[in-house]
Amino acid sequence: NSHDGIVVLGTDLRITYASPSVERITGFHPDAMIGHDVDAVVLEPQRTELLAALDRVLHDVDLVEPIRVRIRHRDGRHRWLAVRVSNRLSDPAIAGVIANLRDVTDTMLAEAEAARLTEIFDLTDDLVAVFDEHSVLRYMNPACARFFGIDPDATPVGSVWQVPELTSRASDPPRFPDGLRTWSSEVVLSAATGERVPFAVQVIAHHDDDGTIVRYSAVAHDISESRRLAASLERQALHDPLTGLPNRKLLEQRMRAEPVRDGTTSPGRSLLFIDLDHFKVINDSLGHAFGDEVLRAVAERVRCVVRPDDVVARFGGDEFVVLCEGTDGPQVGRDIARRIRSALREPVSIGGTPIHLGVSIGIAHDPNGSSMDPGSMIRDADTAMYQAKAQGRGAVVLFDDELRRRAVDRQRVESALRQAPFDGSLVLHYQPVVDLADGRLRGVEALVRWRQEGRLLGPDQFIPVAEETDLILPLGSWVLEAACADLARWQRLPGWGQLTMAVNVSVRQLHDNGFDALLRSLLGRHRIPRRSLTVEITESVLLDEAAMNRSRIDRLDQLGINLAIDDFGTGYSSLTYLTRLPADVVKLDRTFLGGDGPDRARNRMVAGVVDLVRVLGLRCVAEGIESEDQFQHLRQLGCHAGQGYHIARPMSPEHFVEQLRELDPMAPWPRGDGDGDRDGDGDEDQPSSRRSSSRLAS
């Protein structure tokens with residue numbers, strides 16, 4: 001009836017008896033085992049070990065041999081048995097060797113798993129230790145021993161061994177549904193070398209079946225590197241990587257923090273917004289790496305001339321900000337600004353190349369030190385800096401009530417402009433473009449106007465605000481939509497199916513990912529031939545981010561839309577861009593047709609440009625034709641087309657369509673009447689507005 005299997009062997013080691021439990025252990029029926037050798041189902045190398053143990057027992061009647069053997073179960077599985085053999089040949093009731101069998105397969109697997117875990121713990125760099133409930137050490141891995149200066153071969157297993165940072169905090173960790181109680185934290189442990197090292201520690205309290213804690217296991221992972229990385233990332237998030245200065249985020253944190261005052265320091269604060277003048281020229285001519293060195297040198301000079309407690313930050317690009325706490329009035333900020341300006345007047349030498357710099361500085365002063373939020377104070381200083389640039393650069397301007405009034409007006413314009421594409425206040429006027437050879441009308445240029453408080457504003461009064469915000473995109477989309485709709489209607493008039501439309505586009509529109517899709521949609525919906533639409537881009541736009549602009553312009557060319565380079569001759573490297581870009585039209589700037597220089601010299605320049613454009617296979621359109629002499633001269637030079645007051649002023653859509661209906665498409669456009677803006681609120685009557693009114697900075 002024993003749960004263990006019992007086998008009796010004769011002196012020849014053949015089985016003479018097998019208990020019923022043997023079948024459960026081996027899978028073989030006891031009767032089937034009678035007469036077989038005991039080692040029949042035992043696998044090597046345990047078979048040899050078993051035979052040796054039996055031989056020893058046969059020669060020593062008092063010997064009991066315990067051994068573990070691996071057998072093949074009847075179902076083919078391998079099982080482990082714990083076997084105890086003893087000599088009972090002298091017992092008449094038995095007369096044989098007894099072998100007691102117990103299946104210990106699960107125990108062997110658990111021991112093997114524990115051995116594998118121990119091997120892992122022995123190899124890991126984490127600190128691993130196991131204690132019983134009385135803090136007696138039961139296991140310590142080599143890494144733990146080395147950290148605490150203990151010989152790994154002489155760990156104090158069996159002795160009380162405590163780490164205060166661990167044992168004192170593991171007394172009552174939270175209980176989890178699986179019955180384990182764990183505690184996790186970050187602690188600093190003292191190494192044998194005296195170094196204090198941060199660790200992430202997890203302690204597990206293990207329980208017996210009654211719920212009593214019988215041991216603790218602790219694993220500690222060195223987090224020194226992760227903490228260094230976190231500190232580095234935090235610094236990167238709060239500092240400019242080029243100069244090492246605080247960035248905008250850190251500056252605003254400092255501005256929100258309450259400054260430490262000793263009772264005698266003024267609560268006032270000043271903020272200086274610094275912008276380098278003409279820094280783009282340095283980047284474009286000498287390269288960005290050279291420009292970076294200039295910025296580092298500027299940062300160092302600014303740091304050297306401010307007060308010790310002032311915060312110098314870089315906002316990106318060529319913009320720097322200085323926060324000055326404890327200023328009892330705006331004069332302190334002015335003095336610091338002048339020191340900065342003087343320091344930067346001395347040439348900066350980069351690789352032996354002297355660079356002369358100028359700065360424009362705007363100052364915002366808060367007498368209370370806390371009445372303005374960081375964003376508002378930065379905005380005010382930025383506004384003052386732009387005013388300094390407007391005064392001719394190199395100036396220092398304090399934000400005052402007048403600038404505040406202008407800022408409020410600008411905000412009002414911005415707010416109203418947000419609704420302009422939707423409330424009907426935007427209107428288009430059109431200026432005819434004629435063929436200089438025969439005087440016939442070829443197309444029109446669309447020019448945007450904005451009705452505000454009973455006045456019709458020209459683009460120079462609202463486009464700059466739109467350009468500085470995201471408003472230029474919806475405004476530009478409205479202009480393109482309205483211009484295409486008008487062109488589609490006019491092309492349906494008898495004889496005007498070949499009429500063309502030119503629309504100026506801003507760099508913000510050009511870079512917008514949805515711009516190509518917008519153009520395709522407009523051309524498709526209004527059924528406009530693609531070559532009847534011309535997109536005008538100013539020369540200065542082409543010079544900024546040339547590689548990006550080239551890819552965008554190539555996509556316009558793939559759409560089949562004409563490209564015109566507007567204001568040609570006012571920028572840099574004009575000839576280079578003419579040969580590189582897929583342009584169709586070059587618009588000769590009006591400055592070529594007027595000015596204070598000798599007529600002969602100016603005429604030679606115009607002739608040269610017209611010849612160049614023709615040689616390149618492009619069409620030349622002259623802007624600003626204001627007299628019959630200019631008209632005839634340009635025609636003689638071979639200029640293809642022109643526009644200007646002598647031909648026609650910009651006019652409302654209603655007036656223009658009246659002209660189309662009255663004009664024979666084969667007849668020349670009537671010149672020299674100076675008519676236009678018949679609705680009485682045009683701004684075209686003033687010569688000073690000619691340049692801005694001929695542009696759509698959409």
Side-chain angles (χ1 to χ4, degrees), residues 1-119 130 132-134 136-139 157-159 206-215:
N1 295 322
S2 172
H3 186 73
D4 291 346
I6 299 176
V7 174
V8 179
L9 311 173
T11 55
D12 58 357
L13 301 183
R14 292 183 179 274
I15 299 174
T16 60
Y17 169 80
S19 70
S21 294
V22 169
E23 183 175 9
R24 176 182 54 78
I25 296 172
T26 67
F28 295 99
H29 192 275
D31 294 343
M33 300 183 70
I34 303 300
H36 287 277
D37 290 340
V38 70
D39 63 341
V41 295
V42 179
L43 302 174
E44 290 291 1
Q46 288 80 27
R47 174 186 291 155
T48 300
E49 296 173 3
L50 175 62
L51 293 176
L54 289 170
D55 184 64
R56 290 192 295 273
V57 168
L58 287 173
H59 290 85
D60 188 345
V61 296
D62 296 324
L63 186 66
V64 176
E65 282 281 345
I67 188 174
R68 288 184 177 182
V69 299
R70 187 166 55 102
I71 69 166
R72 181 179 286 107
H73 194 275
R74 185 180 181 184
D75 61 11
R77 293 178 298 151
H78 291 178
R79 307 292 293 177
W80 281 94
L81 304 183
V83 180
R84 291 172 58 86
V85 291
S86 58
N87 189 332
R88 292 294 183 267
L89 289 170
S90 60
D91 186 340
I94 299 176
V97 175
I98 291 182
N100 292 80
L101 314 178
R102 175 175 296 178
D103 191 321
V104 292
T105 303
D106 292 342
T107 301
M108 290 292 289
L109 292 176
E111 290 176 353
E113 181 67 22
R116 283 193 292 271
L117 288 176
T118 301
E119 183 178 3
V130 179
D132 67 13
E133 69 276 22
H134 302 298
V136 174
L137 182 68
R138 296 305 179 188
Y139 170 78
V157 173
S159 304
H206 304 273
H207 304 74
D208 61 13
D209 294 340
D210 297 331
T212 303
I213 294 176
V214 294
R215 68 183 182 279

*For the residue pair E65 and L63, what are the closest heavy atoms and their distance?*
OE2-CD2, 3.4 Å
*Is there side-chain contact between R84 and V64, with at least one heavy-atom pair below 4.5 Å?*
yes
*When you check the side-chain N and O atoms of S2 and D4, is any donor under 3.5 Å from an acceptor?*
no
*Can you measure from OG1 (T105) to CD1 (I71) and round to the nearest 0.5 angstrom?*
7.5 Å
*Should we count CZ of R72 as having more than 12 external heavy atoms under 6.0 Å?*
no
*Answer yes or no: is there a side-chain heavy-atom contact under 4.5 Å between L81 and D103?*
yes
*Is the side chain of S19 donor-acceptor paired with the backbone N or O of G5 at a distance under 3.5 Å, no angle test?*
no
*asked:* I'd like to know whether M33 forms a side chain to side chain contact (heavy atoms under 4.5 Å, CB included) with V41, so could you lay out the CA-CA distance, the side-chain angles of the two residues, the decisive distance to 0.1 Å, and finally the verdict.
replied: CA-CA 10 Å; M33 300 183 70; V41 295; 5.5 Å; no
*Between V85 and A99, which heavy-atom pair has the shortest distance, and what is it?*
CG1-CB, 3.8 Å
*If you round to the nearest 0.5 Å, how far is CZ of R215 from NE2 of H207?*
11.0 Å
*Nearest heavy-atom pair of E133 and V214: which atoms, and what distance?*
OE1-O, 2.8 Å
*Examine distances only and state if a side-chain atom of R24 and a backbone atom of H3 form a donor-acceptor pair shorter than 3.5 Å.*
yes
_Tell me if a side-chain donor or acceptor on R74 pairs with a main-chain N or O of F28 at a distance below 3.5 Å._
no
*asked:* Evaluate L13 against L58 for side chain to side chain contact (heavy atoms under 4.5 Å, CB included), listing each step before the verdict.
replied: CA-CA 10 Å; L13 301 183; L58 287 173; 4.1 Å; yes
*Of the non-hydrogen atoms in V61 and R88, which two are nearest, and what is the gap between them?*
O-NH1, 4.5 Å
_Side chain proximity check, T11 to L89, heavy atoms < 4.5 angstrom_ = yes
*Hey, what do you get for CG (L9) to CG (D37), rounding to the nearest 0.5 Å?*
9.5 Å
*Interatomic distance, L51 atom CG to R56 atom CZ [nearest 0.5 angstrom]*: 10.5 Å
*Of all the heavy-atom pairs spanning P20 and P30, show the shortest one and how long it is.*
CA-CG, 3.9 Å
*More than 12 non-hydrogen atoms from neighbouring residues, nucleotides or ligands closer than 6.0 Å to NE2 on H78, yes or no?*
yes
_Which heavy atom of L50 sits nearest to which heavy atom of I67, and what is that distance?_
N-CD1, 3.7 Å
*Judged by modelled atom types alone, do R79 and H73 share a side-chain donor-acceptor pair under 3.5 Å?*
no
*For the atom pair CD1 (I6) and CD1 (I98), what is the distance rounded to the nearest 0.5 Å?*
7.0 Å
_Whether the H134 and D132 side chains hold a donor-acceptor pair (N or O, under 3.5 Å, no angle test) is what I'd like checked._
no
*For R70, does the CZ atom sit with more than 12 other heavy atoms under 6.0 Å from it, leaving out its own atoms?*
yes
*Roughly how far, to the nearest 0.5 Å, is CG of L101 from CD1 of I25?*
5.5 Å
_Greater than 12 external heavy atoms within 6.0 Å of R47's CZ_ = yes
